[in-house]
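Taking it in order: structure first as structure tokens, then the write-up.
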Amino acid sequence: MTIHWADVAAEKLAGQGPQTVATGITPSGQIHLGNMREVMTADAVYRALLDRGVEARLIYIADTYDPLRRLYPFLPKSFEEHVGKPLSEIPCPEGCCESYADHFLLPFFDSLDRLGIEPEVHRADRMYKEGLYVDVIKTALEKRDEIARILKEVSGRDLPQDWCPLDVICRSCGRLNTTKVVGFDLARETADYVCKCGHQGTASFSGGGKLAWRVDWPARWSILKVTMEPFGKDHATAGGSYDTGKRISEEIYGYSAPYPVVYEWIHLKGKGAMHSSTGIVVTIRDMLDVVPPEVLRYLIIRSKPEKHIEFDPGLPLLNLIEEYDRRAGEERTLELSTVGAEGPAQVPYRHMVTAVQIAGNDPEQLFAVLDRSGYDTTNRDQILSRASNVRAWLDRYAPPFVKFQLQETLPSKVKNIDPELREALGVLAGRIEGKCAEDIHNEVYAVAEERGIDGKKLFGAIYVAFLGQKQGPKVGWFLASLDEEFVKERLIAASAD
RNA sequence: GGGCCGGUAGCUUAGUCAGGCAGAGCGAAAGGCUCUUAACCUUUAGGUCGGGGGUUCAAAUCCCUCUCGGCCCGCCA
């Protein structure tokens, strides 16, 4: 019996007072599955804490005050002028949201909700503007030399003479990365700066700028009293931002660094790590179109955070879904993956792949097909939702050989079928009337046997006649789901020449 | 150059902290249900635990070393 990693972390933290589990992501682009690992990891530990009766909260800090680093491939050329501005101060790239940051945050929040993750949200720009950072900014400026020394000692990085832990926003051009702080006044809580754009001015500690990342992070820990935080392996390396953050937190802010959980990246099978700038991205919303939220949770919760996840949205995704649906995984993992009261699906995803393609977009037809196959269709909402998952999967990720399409007219390939097989199709046409799926299926075997034909070949011929390809869904059930006259006509047409 | 994480069956992996018979799922193969249609049942095969060395009665597990993959030591989750 293995203790789940979330419980291991929770056990370490138990008995140390109320816990604040923090996560943070910069909404600089589509928030993808890789990013989601951070939040899922935090949520798993949060749940594990609650399960053992520890008082805990889950917070999510949106780094909305980070500057836009560069013109990402998905942005219009016109956004060049916004590079360097805080994400919260840039307009929405598609004109539908209040800001650039919101454009990527809102769909992400929607996804979190569906995943059953309900963090308290803190937007960095608001925290700065509301003055929550004023004290930590003052301390950082006062102890600038000490911070610089820590950064040098831990990361080996030499900072320029005029380095300042506070980056200010130019009042004229709105950029964070083009200004230089030339002086500050702790009493008035302002900093003086010059900007490359030619402007010079004075910026307030409340919203006039932000701390450099390596200082911002530990400062935030002390402001929000963070006790546990997962982060990507980029921050975890020796000399990385956790190491410097830990020292800054303890020595500058007198606050113990949070308990770390380091997570690995999620790779897209055959393409490498997900990264918004490389275009190797599957967004959370994309995935939620294809799998139910429980399965997405399961994907992340079943792997230990330090293992990278090789994610393949093609055929192997079905294994993951079915492993979850059949409750084949480890019990605690399944428990932590649950969202609400929704149970596992009654209809296996794989079968749904066939059913959906037979039924097309007609829900009644779909229920008819499923009823015929003997599945429980009482939970109609769940079935429709799964069916819509399956359609999206077929559309985007399914390998060609699982797809089929009923041919409106007799496929020309029928001409290549052996005459004796075609004849058998004609015989079959006369034997399906009023028969149920299973009986039709049996007729196929019966006809093949009577005529001394290899059953395999006869099945193949049927598929060619209806789908134009050599394989397809289970024949009896497939034919039974179609209009009987249509089936007869098609079989006769295929047998004639 | 220095560091961090990972390498266990064809694939995904548990077990590594705290040494004690290498386990599971998927896939594969064989058989069964008068039935290949991605359905079900039964059974089987599959391993140099990345390589080498060391410690030990005993090593996937601890130590050293090499190697492969990924990442970090500017910025960035």
Side-chain angles (χ1 to χ4, degrees), chain A residues 1-4 8 12 23-29 31-39 61-63 66-70 151 154-160 167 177 212-214 217 230-244 262-267 269 272-277 299 302-312 315-316 318-320 322-324 326 328-330 333 348-351 353-354 373-375 399 401-402 404 438 441-446 448-449 454-460 462-463 467 469-479:
Chain A
M1 182 67 204
T2 311
I3 300 170
H4 192 271
V8 172
K12 287 246 168 65
T23 79
I25 293 169
T26 304
S28 56
I31 297 178
H32 54 75
L33 267 188
N35 300 127
M36 193 192 63
R37 188 168 201 182
E38 161 136 348
V39 190
I61 300 128
D63 286 315
D66 282 7
L68 181 66
R69 301 279 164 194
R70 57 197 167 84
L151 291 176
V154 179
S155 74
R157 158 187 175 200
D158 265 318
L159 293 165
D167 293 324
N177 60 348
W213 163 248
R214 292 223 177 201
W217 201 24
F231 46 88
K233 62 176 177 175
D234 51 346
H235 295 311
T237 192
S241 52
Y242 182 74
D243 276 4
T244 54
V262 178
Y263 62 84
E264 252 283 359
W265 308 128
I266 297 179
H267 294 205
K269 185 73 176 181
M274 280 191 211
H275 205 292
S276 31
S277 65
L299 168 73
R302 73 180 185 143
S303 294
K304 288 192 293 195
E306 64 269 25
K307 289 266 196 186
H308 88 251
I309 293 175
E310 198 69 42
F311 180 70
D312 189 338
L315 212 51
L318 302 193
N319 289 336
L320 179 76
E322 292 196 350
E323 187 177 309
Y324 178 79
R326 296 199 336 250
E330 201 252 328
T333 303
Y349 199 96
R350 256 174 233 276
H351 183 76
V353 167
T354 299
S373 311
Y375 288 105
F401 78 93
V402 303
F404 62 84
E438 194 172 354
H441 201 75
N442 288 335
E443 280 306 332
V444 178
Y445 284 101
E449 197 173 331
D454 180 4
K456 219 178 253 186
K457 287 186 178 166
L458 186 54
F459 278 102
I462 294 169
Y463 291 122
L467 306 174
Q469 60 188 37
K470 283 181 182 162
Q471 78 283 55
K474 203 162 182 167
V475 146
W477 285 260
F478 173 55
L479 296 184

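Only this structure's heavy atoms are used, side chains among them; waters, hydrogens and symmetry mates stay out. Since this is a predicted model, take the numbers as computed values, not measurements. Letters go in sequence order (proteins before strands), and every chain restarts at 1.
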[atom1] atoms of [N] and [M], separation to the nearest Å:
N      : M      : atom1 : value
B:rG46 : B:rU8  : C1'   : 14 Å
B:rG15 : B:rG6  : P     : 11 Å
B:rG69 : B:rG27 : C1'   : 24 Å
B:rA38 : B:rC76 : C1'   : 44 Å
B:rU13 : B:rU56 : P     : 36 Å
B:rA9  : B:rC17 : C1'   : 26 Å
B:rC62 : B:rU44 : P     : 33 Å
B:rC63 : B:rC68 : P     : 22 Å

Just call it for [X]: base, sugar-phosphate, or nothing, with non-hydrogen atoms closer than 4.0 Å on any strand.
X      : result
A:D234 : base
A:K12  : nothing
A:T354 : sugar-phosphate
A:R37  : nothing
A:G34  : nothing
A:F231 : nothing
A:Y263 : sugar-phosphate

Next item on the list: Treat a base pair as Watson-Crick or G-U wobble with both distances under 3.5 Å, then lay out RNA chain B in dot-bracket form, 5' to 3', with | for cross-strand pairs.
Entry: (((((((..((((......[..)))).(((((.......))))).....(((((..]....))))))))))))....
Does [N] have OP1 or OP2 under 4.0 Å away from a side-chain N or O of [X]?
X      : N      : answer
A:T26  : B:rC76 : no
A:S155 : B:rG74 : yes
A:H235 : B:rC72 : no
A:R214 : B:rC76 : no

Check the distance between [N]'s [atom2] and [X]'s [atom1] and give it to me in whole angstrom.
X      : N      : atom1 : atom2 : result
A:I266 : B:rG70 : CD1   : C1'   : 15 Å
A:F311 : B:rU13 : CZ    : P     : 13 Å
A:L299 : B:rG25 : CG    : C1'   : 15 Å
A:L151 : B:rC73 : CG    : C1'   : 13 Å
A:Y349 : B:rC26 : OH    : C1'   : 17 Å
A:N319 : B:rA28 : CG    : P     : 10 Å
A:W217 : B:rA77 : CH2   : C1'   : 10 Å
A:R302 : B:rG15 : CZ    : C1'   : 17 Å

Notebook entry, point to check: How would you list, by chain and number, every residue that makes a side-chain contact (heavy atoms from CB on, under 4.5 Å) with A:N319, sequence neighbours excluded?
Noted result: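 Per chain and number, A:N319 pairs via side-chain contact (heavy atoms from CB on, under 4.5 Å) with A:R350.
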Item checked: Close side-chain approach of A:E264 to A:K304, heavy-atom, < 4.5 Å -> no
Check: Quick one: does A:I31's side chain get under 4.5 Å of A:M36's, heavy atoms only?
Finding: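 Sidechains of A:M36 and A:I31: no contact.
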Next item on the list: Assign each of A:G239 and A:G232 to its nearest nucleotide of RNA chain B by heavy atoms, then name whichever residue's nucleotide is nearer the 5' end.
Entry: A:G239
Margin query: Nearest heavy atom decides the nucleotide; on that basis, is A:D66 or A:V444 closer to the 5' end of RNA chain B?
Written below: A:V444
Next item on the list: Measure the CD1-CG distance between A:I25 and A:N35 for me, rounded to the nearest 0.5 Å.
Entry: 4.5 Å
Check: About how many Å separate CG of A:L299 and CG of A:L33, when rounded to the nearest 0.5 Å?
Finding: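 Answer rounded to 0.5 Å: 7.0 Å.
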Next item on the list: Go through the structure and list residues passing ring-ring contact (aromatic ring centres under 6.0 Å, His included) with A:H308, not counting sequence neighbours.
Entry: A:H267
What residues form a side-chain hydrogen bond (donor to acceptor under 3.5 Å, both in side chains) with [X], not counting sequence neighbours?
X      : result
A:T354 : none
A:R214 : A:T244
A:Y263 : A:E38
A:D63  : A:R220

Margin query: My understanding is that only residues two or more places apart in sequence, or in another chain, count here; which of them pass salt bridge (Lys or Arg N to Asp or Glu O under 4.0 Å) with A:D66?
Written below: A:K210
At a cut-off of 3.5 Å, list every protein nitrogen or oxygen paired with a nitrogen or oxygen from nucleotides 4-8 of chain B, distance to 0.1 Å.
| from | atom 1 | to | atom 2 | distance (Å) |
| --- | --- | --- | --- | --- |
| B:rC5 | O2' | A:E306 | O | 3.1 |
| B:rG6 | O3' | A:K307 | NZ | 3.4 |
| B:rG7 | OP1 | A:K307 | NZ | 2.7 |

Note to self: Using 30° and 60° as the class boundaries, would you call the ring planes of A:W217 and A:F231 parallel, tilted or perpendicular?
What the structure shows: perpendicular
